[in-house]
Q: 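Below you'll find the structure I mean.
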Amino acid sequence: MTAEVHQLPYASRLLLFLTVVAVGVKWTEPSVAAAGDAPPGKIAIVGAGIGGSSVAHFLQQHFGPQVQLDVYEKDTVGGRLATVTVNKQQYESGGASIHSLNLHMQDFVKLLGLKHRRELAGKSAIFNGEQLVLEETDWYLLNLFRLWWHYGMSFLRLQMWVEEVMEKFMRIYKYQAHGYAFSRLEELLHSLGGDTFVNMTQRSVAESLLEVGITQRFIDDVIVAILRASYGQSVLIPAFAGAMSLAGAQGNMWAVEGGNKLVCSGLLKLTKANIIEAAVSAISLHSSEGKTFYQVHYEDEEGQGSSFYDIVIIATQLHDSKSSITFQNFDPPIAEFPGIFHTTVSSIIHGYLNSSYFGFPDPKLFPFASILTADAPTIFFNSMDNICPVNISGTFRRKQPQEAAIWRVHSRHPLEKQELKTLFRSYYSVQVTEWQACPDYGSVKTLPPIVLHDNLYYLNSMEWAASSMEMAAVAAKNVALLAYNFWYHDLGKIDQKDLMHKVKTEL
Ligand SMILES: Cc1cc2nc3c(=O)[nH]c(=O)nc-3n(C[C@H](O)[C@H](O)[C@H](O)COP(=O)(O)OP(=O)(O)OC[C@H]3O[C@@H](n4cnc5c(N)ncnc54)[C@H](O)[C@@H]3O)c2cc1C
C-alpha cells in the first residue's frame, strides 16, 4: 500500500490528502520538504521505559535499520519497570504483572528469547480495616458459590462486561498488523469500540457497571478493592481504564523471568539504538531551506549539548512537569498539559507478617498471599502481596506464613514506623520507591494529543486512556506507524473509518 501511494503522481496524492481532510481528519500535512521519499536520517526518543524501548523496535521495523535511533534516558533503562534487591534476589517494585492477552508483550518476550516466570498460586482476601470480608478458598466452585451467594449475578455480569471490552480492544492488533495508525486517541478508541469506547473515557467505571446490572454492593465490596490495588484510585476513574484494570484481576497474569525490565534493555540492544544517558531539557523547532527539523537540548554529566533530528518521539509523561521538557519556537506554542500524576509508594519489606491484625492470631493458619483493601478511614495501605523473586527455580516455594517473607505493600504515602509495626511483627529491611505511577484520572477529563507537531509525537498520551505496559506498547506501535505513514504521505493508513470491514476485505 505504501509503495502504491508513492507511485501516485503528486496531484493524485494531493487529491487523496484533500479527500481525507474533507471527511474530517484534522492535521496539517507534514512538511513536504522534510519528509519525502528518502527515509529520515535520525530519530530521537525521549525515555527508555517500555514505551521508549518498544517504539525504538517498531520504528526500526518500519523505517529499516539504516535510520539512526538515539534514545535519551535521564535515569535508568526500564523506567517504571524496576526491581529492588533483597538478600541477593530481585523483586519487581514497579509494573509487575502482564495479562495473557497482552500480545505485544508476548511478542517481545518471544522475540528476545525471554521466558515467562513460573506462576505460584496464592489466595486473596479483602480487608475492611477490622476483618477480612471476602476470602478466596482453594475450591473454585466454592469461590463462585460464595460470590453468587453474596452478590447474585454481579460477578458473571462483570466478567461478561470485561470480556466484551477486551474483545473489542484486541481489534487494535489487527489494525496495527495492517499498518493502520491513529492521530488522536479519540479516533483510536472509536475505531475499536465506537462512541461507547470514547464515552468510557468520560464516565466513571461505577456508572458503567451499574448500567450493566452490577450491584452497588458488589462495586463497594469488590471493585473498589481491585481498583485500589491496581491504580490506587476510586471507582470514579474512567470506565475504559477501569475495564483494563479489572481484566487484570481475572487471572491469567504472567511476568518475565529475570524481571520485566529485561524487555526494555533487550529491545534497545536488538535495535542497536544509541542510549544517551542525559536529561532532555528542551526541544526546539527549526527550519532551513524549506526543511523543518528538531533540536533536542540535553544535559549530561559533562554539561549541556544538543543534536538535530527529523523525528522526535516523547516517551515519557509531559504532565505534572515530571519530565521538565520545554518546547521552543513553536507557533502556536505547545500548550501546558493539565492533569496530575498519582503517587503510589511501593515498599518491599522483608519480615514476619502480623497476621493477628487480619484476625489470625496463629500465623501458621494465615492462608493468603494477597490482601486487598476496602476504602475505609482506618486503612493506610492499598494492597499487600507476598511476592516471589524475578527468578524462580524449579524448587522454589512460597514462604510459610509464619516465616519471614518478602511483602510488597502499596500505599499512598510512605508507611510510618507505627504502620509498619501494625502490619509486621518484626522486619529485617524496608525498601521504598515513590512512583508517579499513573495519571490521576480525576484531575482532568480531556485526552492529550498524540501529534504535538509534524514529526513530533507524544507516546504517553495513551496513559490517559489507560496505563499499563501493554498500553505503552500499543501506543508505541501506533506512534511508529503514524510517524512512518506521515513521513511517506500514506494518509490512507491514518484515522481510517470502518476498519473492521477494511481489514476483512484486505485479507
Ligand atoms: C507501582 C507500579 C505498579 C504497576 N503495576 C503494573 C502492572 O502490574 N502491570 C502493568 O502492565 N503495568 C503496571 N504499572 C504501569 C507500568 O509500569 C507503566 O504503565 C509503564 O511501565 C510505563 O512505561 P513508559 O515507558 O510509558 O514510562 P516510564 O517507564 O515512566 O518511562 C519513561 C522514561 O523516561 C525517562 N525520562 C523522563 N523524563 C526524561 C527527560 N527529560 N530526559 C530523558 N529521559 C527522561 C524516565 O527516567 C523513564 O525511564 C505499574 C506502575 C507502577 C509504578
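Computed from heavy atoms alone, side chains included, the values below leave out hydrogens, waters and symmetry copies. When a ligand or atom number is given, it counts from 1 through the structure's own listing order.
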Q: Kindly confirm or rule out an N or O of Thr344 lying under 3.5 angstrom from an N or O of ligand 1.
A: no

Q: Would you say Glu73 and ligand 1 have an N/O pair spaced under 3.5 Å apart?
A: yes

Q: Taking the side chain as every heavy atom from C-beta outward, state whether Lys269 and Leu112 have any pair of such atoms under 4.5 Å apart.
A: no

Q: Are Met462 and Leu188 packed together at the side-chain level, in the sense that at least one heavy-atom pair is separated by less than 4.5 angstrom?
A: yes

Q: For Phe358 and Phe368, run ring pair (Phe, Tyr, Trp, His ring centres under 6.0 Å): C-alpha distance rounded to whole Å, both residues' side-chain angles, the deciding distance at 0.1 Å, then the answer.
A: CA-CA 10 Å; Phe358 300 105; Phe368 303 109; 9.1 Å; no

Q: Closer than 4.0 Å to some heavy atom of Thr316 - which atoms of ligand 1 meet that?
A: 32 (C), 34 (O), 36 (N), 37 (C), 38 (N)

Q: Any chance you could lay out the ring pair (Phe, Tyr, Trp, His ring centres under 6.0 Å) test for Phe380 and Phe127, step after step, and finish with the verdict?
A: CA-CA 12 Å; Phe380 51 86; Phe127 182 60; 9.0 Å; no

Q: Under 4.0 Å from any heavy atom of Gly78, which atoms of ligand 1 are there?
A: 29 (O)

Q: If you measure every N or O of His410 against every N or O of ligand 1, does any of those distances drop under 3.5 Å?
A: no

Q: Please determine which of Lys261, Gln89, Glu92 meets the side-chain hydrogen bond (donor to acceptor under 3.5 Å, both in side chains) test together with Thr83.
A: Lys261

Q: What I'd like to find out is whether the side chain of Leu103 reaches to under 4.5 Å of the side chain of Met170, using heavy atoms alone.
A: yes

Q: Looking at side-chain heavy atoms only, is the closest gap between Tyr457 and Val451 below 4.5 Å?
A: yes

Q: Record the part of Asn460 in heavy-atom contact with ligand 1 below 4.0 Å; permitted values are side chain, backbone, both and neither.
A: side chain

Q: Looking only at distances, please establish whether an N/O atom of ligand 1 is found under 3.5 Å from an N/O atom of Ala96.
A: yes

Q: Begin from the C-alpha positions of Tyr91 and His350 and carry the test ring pair (Phe, Tyr, Trp, His ring centres under 6.0 Å) through to its verdict.
A: CA-CA 11 Å; Tyr91 297 84; His350 182 199; 8.7 Å; no

Q: State the atoms of ligand 1, each with its element, that fall below the 4.0 Å cut-off from a heavy-atom position in Leu81.
A: 17 (O), 21 (O)

Q: With only distance considered, is Val280 within less than 3.5 Å of ligand 1 through an N or O on each side?
A: yes

Q: Any N or O of Glu463 that comes nearer than 3.5 Å to an N or O of ligand 1?
A: no

Q: Quick one, Asp440 and Gln233 - any side-chain contact, counting heavy atoms below 4.5 Å?
A: yes

Q: Going by the atom numbers of ligand 1, which of them fall below 4.0 Å from some non-hydrogen atom of Ala278?
A: 42 (N), 43 (C)

Q: Distance from Leu185 atom CG to His190 atom NE2, nearest 0.5 Å?
A: 14.0 Å

Q: Under 4.0 Å from a heavy atom of Val46: give me the atoms of ligand 1 that qualify, with their elements.
A: 40 (C), 42 (N), 43 (C)

Q: Once you restrict to heavy atoms under 4.0 Å, what part of Ser53 touches ligand 1? Side chain, backbone, both or neither.
A: neither

Q: Heavy-atom contacts with Ala315 under 4.0 Å: which atoms of ligand 1 show up? List them by number with element.
A: 32 (C)

Q: Ligand 1 and Ile50, any nitrogen or oxygen pair closer than 3.5 angstrom?
A: yes

Q: Examine Arg80 against ligand 1 and note whether any of their N/O atoms are separated by less than 3.5 Å.
A: yes

Q: Side chain, backbone, both or neither: which part of Ser468 comes within less than 4.0 Å of ligand 1 when only heavy atoms are counted?
A: both

Q: Using a plain distance cutoff, I'd like to know if Ile325 has any nitrogen or oxygen under 3.5 Å from a nitrogen or oxygen of ligand 1.
A: no

Q: Which atoms of ligand 1 are found less than 4.0 Å from any heavy atom of Thr76?
A: 49 (O)

Q: Counting each atom of ligand 1 from 1 as listed, which ones have a heavy atom of Gly79 under 4.0 Å away?
A: 29 (O), 48 (C), 49 (O)

Q: Roughly how far, to the nearest 0.5 Å, is CZ of Phe396 from CG of Asn391?
A: 10.5 Å

